[in-house]
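Report on the following structure.
Letters A, B, ... mirror the listed sequences (proteins, then strands); counts begin at 1.
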Amino acid sequence: MNIEQKIANEVVSIILEKSGMQIGTDKVHLQKTRKEFQGDLTLVVFPYVKAMRMSPELTAETFGKHLVTRLDEVIAYNVIKGFLNLTFSEKFWLDFLLNKTLEQSIEDKKQQPDQKPVVVEFSSPNTNKPLHLGHIRNNLLGYSISKILEANGQKVVKVNLVNDRGIHICKSMLAWMLKGEGATPESLGKKGDKFVGDYYVLFESLLRKQVNELSSEQGLDEEEARIKAPLMEQARELLRRWEARDHEVVEIWKKMNGWVYEGFDKTYQRLGVSFDKTYYESETYLLGRDIVLQGLNSGILYAKADGSVWADLSEYKLDDKLLLRADGTSVYMTQDIGTAQLRYDEFDASEMIYVVGNEQNHHFDVLKKVLKKLGKNYADTIYHLSYGMVELPEGKMKSREGTVVDADDLMDEMIDTAKKTTEELGKTQDFTEEEKSLLYNMIGLGALKYFMLKVDPKRNMLFNPAESIDFNGNTGPFIQYTHARICSIRRTAGEDRMHKASDFILMSNLNEKEKRLIKTLYDYPNVVSEAAREMSPAQIANYVYELAREFNQFYHEYSILNEPDVTQSNFRLCLSDLTANTIKQGMTLLGIVVPERM
RNA sequence: GGUUCCGUAGCUCAGUUGGAUAGAGCAACAGCCUUCUAAGCUGUGGGUCCUUGGUUCGAAUCCAAGCGGAAUCACCA
């Protein structure tokens, strides 16, 4: 039982003894004592003054007196207005540190065997465009949340659903067939996804010309012209042939998608994300139809006169949703019904998380309602991890205006900046070329990932390409630096010394910085479970930053290895060691690697 | 127009189911390397927590209305 629970139990029993009122321990709210007051944990007593029939001050006094006598860990208290500040014994804090040190690190919860997994879908790219900044946020979030859930003892299956079919792919294919002259990524020395993306852009510009001509010659408006343009007709013809499994078309489609995957794989690898399973829409886009037809047969869904199938969602105050067109073909929603079922059948998932932008909030709302209507119990296990858009100073990224921030370019830039900054500081002269390049990657990507993940997922965030992502202050490199700094101390101390460090005898008089550091370390497990509950890597990011800051203040004010008192020195060494381990562990949950030297 | 989300320092963001005098970083200014890594540390200035009401011992946080912004309301995905 941890100390918070012990206190809560005591509070409950004191209230019961004094007033006869029974309250749940979950109603006892404890908070960290603010640093301007004396104490470690604070109980706000206002909620209990009625039951206790005392003034807030007297209530707090009563609680304080009892807690000190009943709990060894609580050695002192003070009361300010209705706030009861409790102080824990140094033994309590030192025991915590010793236990953790013996374990060698802060450990995350172990997975329980035989439990149902959580399926996390993220990334889900289109194969006609290279990955951009928005995808980066998606990928980092998905990956990090998977790590965080694992750290909470859950089994996680990371899945990707690639949108590899449809009219947009046909556009790239058509442009390549018409203008490519047999070019390949190899022949042009281009990354596969970029290569294919270029043909998508080319298609759009060719189409634009036709649309303009049609508008001026026949006076059609833009929308009509786009539909009537011969290029669009050709693209639709390609899609029809693809769906009919036309050999030639399928071969080209395979070839071009293959190029894209090669490119994506490189980007994923650099970004450090991976998947346990990849689904392809070309293999799943027909799913869902049967479920819808069953729903129609059993009268849950209805058909209109033209044969189209709909879900009546008026009970949820939503518009009716089309699920099958009059010609029997599926829409996006239908596919998602199918893939949800597939995923559920395949993994027997306890929870299915979809990391998808908030522009699809409504879609997921409807998806859950339709599944529920169809009697699928797993509808309730679907969680849309909805995240905000990454915006530029001038607003949304628009591919037409060329404001899209490319994922590879951005990573290149970050790594390049890391290189420059590191070279200017000149601390890595003795690094080999390989070590250098590893370090630059670590720092550049650390800066980028931390920048993206420290913001609450649900909020829109701003990225200004004009000012590069910072390396000082609340940033990835600052945290990485703190880790490297501690590693340097470890090296100086030497292995023998590190082994013996936990030999420190319980001493008294923890100084303020030591105490705050140890208290922050103590918080780690809570933060990890909170991050999982809130589905927010930002909680981890902000915590690790806080920890690093706390350490640097301590480091600045007190000497660790040069402290003449051996016990004191060993204690500080342990404290530093645990800090480094915790930083590393926390950063791992963000998908960020920390260096030993930088 | 309906629905949902958002509005905190010049800028980017924290702020734990309502709790004490609202916090960081960047930017600006002033300091700190003969000592374990200065990508660091210390200090100064900077606030109508969008506005107005309400709920209560107490509101940045909850409720209502308004203002401003975003997304969405497709037989696109």
Side-chain angles (χ1 to χ4, degrees), chain A residues 26-27 29 31-34 36-37 42 44-47 49-50 56 80-83 85 124 126 163 165-168 281 285 306 308 310 317-319 321-327 329-333 335-336 357-363 365-366 386 388-389 391 395-396 418 421-422 424-425 427 443 447 451 454-456 458-464 467 470-482 484-493 526-527 530 533-534 538-539 541-542 545-546 548-549 551-553 555-563 569 572-573 576 597-598:
Chain A
D26 56 318
K27 293 275 183 279
H29 184 54
Q31 55 186 302
K32 283 187 269 177
T33 303
R34 297 182 61 129
E36 58 266 38
F37 301 100
T42 295
V44 184
V45 302
F46 291 109
V49 295
K50 235 181 202 166
I80 298 168
K81 292 193 276 182
F83 297 89
N85 301 320
S124 311
N126 289 339
N163 181 358
R165 63 163 286 281
I167 191 72
H168 49 283
E281 235 182 73
Y285 79 108
D306 65 359
S308 57
W310 296 73
K317 291 181 180 157
L318 292 170
D319 291 338
K321 179 66 193 175
L322 174 94
L323 294 173
L324 289 175
R325 298 185 184 101
D327 64 5
T329 55
S330 295
V331 293
Y332 181 45
M333 186 63 71
Q335 287 180 45
D336 259 7
N358 62 10
E359 60 209 346
Q360 293 194 36
N361 284 355
H362 185 256
H363 172 78
D365 215 23
V366 173
S386 160
M389 302 286 98
E391 288 170 340
K396 252 185 111 163
T421 310
T422 308
E424 273 168 27
L425 290 169
K427 295 182 195 170
I443 298 174
F451 177 81
K454 76 170 175 182
V455 181
D456 183 342
K458 69 171 188 282
R459 286 177 57 135
N460 285 2
M461 64 179 292
L462 189 113
F463 174 80
N464 188 348
E467 31 188 273
D470 239 301
F471 281 42
N472 298 319
N474 188 355
T475 67
F478 166 79
I479 296 162
Q480 291 172 315
Y481 172 78
T482 308
R485 199 176 218 186
I486 299 174
C487 288
S488 165
I489 297 170
R490 282 172 172 162
R491 279 191 301 274
T492 310
N526 289 333
V527 173
E530 194 57 23
R533 206 177 60 79
E534 302 255 326
Q539 306 251 355
N542 287 305
Y545 170 63
E546 174 72 24
R549 239 177 75 222
F551 178 81
N552 280 315
Q553 289 174 24
Y555 172 91
H556 187 258
E557 201 160 330
Y558 298 98
S559 202
I560 296 159
L561 296 175
N562 297 330
E563 164 60 47
S569 176
R572 288 181 184 163
L573 200 49
S576 306
R597 288 185 58 193
M598 69 185 272

> For B:G1, which nucleotide is its Watson-Crick or G-U wobble mate, given both distances must be under 3.5 Å?
Replying inline: B:C73

>> Which nucleotide wins on minimum distance to the side chain of A:I560, given the candidates B:U37, B:C36, B:C26?
In response: B:C36

> Considering only the P atoms, how many Å lie between B:C6 and B:C50, rounded to the nearest integer?
Replying inline: 12 Å

>> Taking the basic N atoms (NZ, or NE/NH1/NH2) and the acidic carboxylate oxygens, is any pair closer than 4.0 Å for A:R572 and A:E563?
In response: yes

> Which nucleotides of nucleotides 68-77 of chain B have their base under 4.0 Å from a protein heavy atom (B), which only their sugar-phosphate (S), and which neither (-), written as one string 5' to 3'?
Replying inline: --SSSS-BSB

>> With a 3.5 Å cut-off and heavy atoms only, can you find an N or O donor on one side and an acceptor on the other between the side chain of A:T42 and the base of B:A20?
In response: yes

> Is there a Watson-Crick or G-U wobble partner for B:A39 with both distances under 3.5 Å, and which nucleotide is it?
Replying inline: none

> Just by distance, do the side chain of A:D365 and the backbone of A:N361 share a donor-acceptor pair under 3.5 Å?
Replying inline: no

> Can you name the closest pair of heavy atoms from A:G82 and A:P56 and give their distance?
Replying inline: CA-CB, 4.0 Å

> When all nucleic acid strands are considered with a 4.0 Å heavy-atom cut-off, which category describes A:D456: base, sugar-phosphate, or nothing?
Replying inline: sugar-phosphate

> Should B:G68 form a Watson-Crick or G-U wobble pair with both distances under 3.5 Å, which nucleotide is its partner?
Replying inline: B:C6

> With sequence neighbours left out, what residues match A:R549 under salt bridge (charged side-chain N to carboxylate O under 4.0 Å, His left out)?
Replying inline: A:E546

> Which of these nucleotides, B:G40, B:C36, B:C5, is closest to any side-chain atom of A:T492?
Replying inline: B:C36

> Between B:C73 and B:U55, how far is it from one P atom to the other, in whole Å?
Replying inline: 40 Å

> For B:A60, which nucleotide is its Watson-Crick or G-U wobble mate, given both distances must be under 3.5 Å?
Replying inline: none

Distances for protein N or O near nucleotides 10-12 of chain B N or O, under 3.5 Å:
none

>> If I pick the P atom on B:C11 and the same atom on B:C36, what distance separates them, to the nearest angstrom?
In response: 41 Å

>> Is there a side-chain contact between A:R459 and the phosphate of B:G7, meaning an N or O under 4.0 Å from OP1 or OP2?
In response: yes

>> When both hydrogen-bonding distances must be under 3.5 Å and the geometry is Watson-Crick or G-U wobble, what is B:U21 paired with, if anything?
In response: none

>> With a 4.0 Å cutoff (strictly under), does any side-chain N or O of A:R34 reach OP1 or OP2 of B:G23?
In response: yes

>> Checking understanding here: a glycosidic angle within 90° of 0 is syn, the rest anti, so what is B:C49?
In response: anti

>> Need to verify one output field. Residue with the more 5' nearest nucleotide on RNA chain B, A:D470 or A:N562?
In response: A:D470

Name the pairs: protein N/O against N/O of nucleotides 41-45 of chain B, kept only if under 3.5 Å.
{"unit_1": "B:C41", "atom_1": "O2'", "unit_2": "A:H556", "atom_2": "ND1", "d": "2.9"}
{"unit_1": "B:U42", "atom_1": "OP1", "unit_2": "A:Q553", "atom_2": "NE2", "d": "3.4"}

> Can you tell me if A:N552 and A:T482 form a side-chain donor-acceptor pair at under 3.5 Å?
Replying inline: yes

> Does B:G47 pair with anything, Watson-Crick or G-U wobble, both distances under 3.5 Å, and if so, with which nucleotide?
Replying inline: none

> Listed by chain and number, what are the side chain to side chain donor-acceptor pair (under 3.5 Å) partners of A:S308, not counting sequence neighbours?
Replying inline: A:D306, A:W310

>> Holding to side-chain contact (heavy atoms from CB on, under 4.5 Å), I want the full list of residues that pass it with A:F37, two or more places apart in sequence or in another chain.
In response: A:T33, A:R34, A:I80, A:N85

> Taking only residues two or more places apart in sequence or in another chain, which ones pass ring pair (Phe, Tyr, Trp, His ring centres under 6.0 Å) with A:H363?
Replying inline: A:Y332

> Looking at CE of A:M389 and CE of A:M461, how far apart are the two atoms once the value is rounded to the nearest 0.5 Å?
Replying inline: 12.0 Å

> If the P atom of B:C32 is compared with that of B:A38, how far apart are they to the nearest Å?
Replying inline: 16 Å

> Considering residues at least two apart in sequence or located in another chain, which fulfil the salt bridge (charged side-chain N to carboxylate O under 4.0 Å, His left out) criterion with A:E467?
Replying inline: none

>> Are A:Y545 and A:F478, when compared by the centres of their aromatic rings, separated by less than 6.0 Å?
In response: yes

> Given the C1' atoms of B:G53 and B:A59, what is the spacing between them in whole Å?
Replying inline: 13 Å

>> Could you tell me how far B:C33 sits from B:A39 if I compare only their P atoms? Round to whole Å.
In response: 15 Å

> With sequence neighbours excluded, what pairs up with A:D456 under the side-chain contact (heavy atoms from CB on, under 4.5 Å) test?
Replying inline: A:K458, A:R459

>> Taking the minimum atom-to-atom distance to the side chain of A:Y545, which one of B:A24, B:A39, B:C13 wins?
In response: B:A24

> Taking the C1' atom of each, how far is B:C49 from B:U4, in whole Å?
Replying inline: 23 Å

Kindly give the atom pairs (protein nitrogen or oxygen, nucleotide nitrogen or oxygen) under 3.5 Å for nucleotides 55-63 of chain B.
none

>> If the condition is salt bridge (charged side-chain N to carboxylate O under 4.0 Å, His left out), which residues does A:K427 pass it with, not counting sequence neighbours?
In response: none

>> For the OG1 atom of A:T421 and the CD1 atom of A:I443, what is their distance to the nearest 0.5 Å?
In response: 8.0 Å

> With sequence neighbours excluded, what pairs up with A:D319 under the salt bridge (charged side-chain N to carboxylate O under 4.0 Å, His left out) test?
Replying inline: none

> Just checking A:T482: base, sugar-phosphate only, or nothing, at a heavy-atom cut-off of under 4.0 Å?
Replying inline: nothing

> With rounding to whole Å, what would you report as the distance between B:G2 and B:A74 at their P atoms?
Replying inline: 16 Å

